[in-house]
Q: 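Okay, handing you the structure first.
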Number of protein chains: 2
Amino acid sequence: MEKQTATKLFESLSSGVRLDIYRLLVKCGRGGMVAGQIAATLDLPPNNVSFHLKGMTHAGLVTVEQEGRFQRYRANLPQMLELIAYLTEECCAGHPEQCLTLPAESCCPEAALPPISTTPSES
Amino acid sequence: MEKQTATKLFESLSSGVRLDIYRLLVKCGRGGMVAGQIAATLDLPPNNVSFHLKGMTHAGLVTVEQEGRFQRYRANLPQMLELIAYLTEECCAGHPEQCLTLPAESCCPEAALPPISTTPSES
DNA sequence: TCAATATTACAAGAACTATTGAAATATTGT
DNA sequence: ACAATATTTCAATAGTTCTTGTAATATTGA
């Protein structure tokens with residue numbers, strides 16, 4: 001993942017409105033929601049929601065599909081997983097067991113996140 | 001996790017400079033880095049790095065510890081894991097197998113992320 | 001104490017973002 | 001074609017953030 005992609009995704013989630021929208025879409029999963037439904041659920045002006053959805057779509061955080069006169073939005077979960085992978089790349093320089101005081105299974109979980117680099121990096 | 005905490009964390013990662021700093025600290029793991037070392041490694045003005053580190057510390061994204069005249073910064077990984085958990089709360093309304101076209105083990109990984117709610121939510 | 005180094009605090013300007021309201025576009029059903 | 005609905009676009013304002021330079025603070029070692 002490129003840095004610019006990552007910053008755009010994080011920027012998309014740095015607003016309370018967009019975070020609410022994204023979490024709502026995550027809950028809805030594959031089904032997604034249409035724009036008006038999102039606005040009604042979160043009790044926000046439709047044009048404001050549309051404004052934020054446009055940005056989120058452009059960033060790749062959500063996807064959109066036209067359904068007649070409706071626009072159905074869905075959370076782009078694969079993108080989120082890539083983002084987390086990007087963030088934890090070379091986590092602890094190949095020594096995930098070092099990860100602070102967390103229970104081992106909570107940090108750098110090989111089952112969920114991409115392979116951890118085993119190349120320590122020093123500067 | 002509260003919404004404001006989450007937005008602050010995402011905002012902290014929405015700048016290329018801060019994202020570079022955080023990823024660098026993630027790589028260094030438990031060892032962390034002192035401010036000047038970070039600035040030198042990323043080839044940035046020390047005061048600019050300090051400015052961003054202050055914000056990141058305030059957001060809880062990194063921790064800081066004094067070492068004589070040095071300030072040693074470390075990535076706050078537990079906070080990041082909580083953030084991911086917050087984001088994927090009630091993922092797919094309790095039906096993680098619905099998560100798009102991802103291989104099942106990549107989405108809503110029970111092994112790594114907190115328990116998935118089993119209560120479907122409809123609006 | 002004094003000089004040197006590491007880091008932070010402050011101030012100013014440009015650039016960007018969020019919110020709102022009004023208008024425009026597109027689709028549906030009659 | 002026409003009216004109704006869903007959604008987006010546009011414009012304007014207020015507020016916020018980023019960067020840079022300069023000054024201040026704190027620690028170290030002589």
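In what follows, chains are A, B, ... by sequence order, proteins preceding strands, each numbered from 1.
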Q: Could you give the CE-to-C1' distance, from A/M56 to C/dA18, as a whole number of Å?
A: 15 Å
Q: Name the residue from A/V34, A/V62, A/I21, A/L24 that meets the side-chain contact (heavy atoms from CB on, under 4.5 Å) definition with A/Y73.
A: A/V62
Q: Would you say the side-chain atoms of B/R18 pair up with the backbone N or O of B/S12, donor to acceptor, closer than 3.5 Å?
A: yes
Q: A/R69 has a side chain; which of D/dA6, C/dA18, C/dA22 sits nearest to it?
A: D/dA6
Q: Without decimals, in angstroms, what is the distance between A/F10 CZ and C/dT17 P?
A: 17 Å
Q: Pick out which of B/L77, B/N76, B/T57 makes a side-chain contact (heavy atoms from CB on, under 4.5 Å) with B/T63.
A: B/N76
Q: Rounded to whole angstrom units, what separation is found between the CG atom of B/L44 and the P atom of C/dT7?
A: 14 Å
Q: Grab the CD-P distance between A/Q66 and C/dA26 for me, whole Å please.
A: 10 Å
Q: Need to verify one output field. Residue with the more 5' nearest nucleotide on DNA chain C, B/A35 or A/H52?
A: B/A35
Q: Calculate the interatomic distance between A/F51 atom CZ and C/dT17 atom P; express it in whole Å.
A: 8 Å
Q: Specify the angle, to 10°, made by the local axes at the two ends of the helix from C/dT1-D/dA30 to C/dT30-D/dA1 when five pairs are taken at each end.
A: 40°
Q: Does B/E67 come within less than 4.0 Å of B/R72, counting only side-chain N to carboxylate O?
A: yes
Q: Please confirm whether the backbone N or O of A/E65 pairs with a side-chain atom of A/R74, one donor and one acceptor, at under 3.5 Å?
A: no
Q: Counting the atoms with a prime plus P, OP1 and OP2 as sugar-phosphate, which does B/E67 contact under 4.0 Å by heavy atoms, base, sugar-phosphate, or nothing?
A: nothing
Q: Between A/H58 (NE2) and C/dC16 (P), how many Å, whole number?
A: 14 Å
Q: Can you tell which of D/dT7, D/dT19, C/dT19 lies closest to the side chain of A/Q71?
A: D/dT7
Q: When rounded to the nearest 0.5 angstrom, what distance separates CG in A/L53 from CD in A/Q71?
A: 10.0 Å
Q: From the set D/dT17, D/dT8, D/dT20, return the single nucleotide nearest to any side-chain atom of B/E11.
A: D/dT17
Q: Roughly how many Å is it from CG in A/N47 to C1' in C/dT17, rounded to a whole number?
A: 16 Å
Q: D/dT8 phosphate, OP1 or OP2: any side-chain N/O from A/Y73 under 4.0 angstrom?
A: yes
Q: In whole Å, I'd like the distance from the CG atom of A/D43 to the P atom of C/dT19.
A: 14 Å
Q: From the list D/dT20, C/dA18, D/dT7, which nucleotide is the closest neighbour of the side chain of A/F70?
A: D/dT7
Q: At under 4.0 Å between heavy atoms, what does A/V49 touch on the DNA or RNA strands: base, sugar-phosphate, or nothing?
A: nothing
Q: Do the side chain of A/S50 and the main chain of A/P46 share a donor and acceptor less than 3.5 angstrom apart?
A: no
Q: Under 4.0 Å, heavy atoms only, any strand: does A/R72 hit a base, just the sugar-phosphate, or nothing?
A: nothing
Q: For B/N48 and for A/S14, find the nucleotide of DNA chain C with the closest heavy atom, then tell me which residue's nucleotide is more 5'.
A: B/N48
Q: What's the shortest heavy-atom distance between A/A6 and B/L19, and which atoms?
A: CB-CD2, 3.6 Å
Q: Could you work out which one of C/dT7, D/dT7, C/dT19 sits closest to the side chain of B/S50?
A: C/dT7
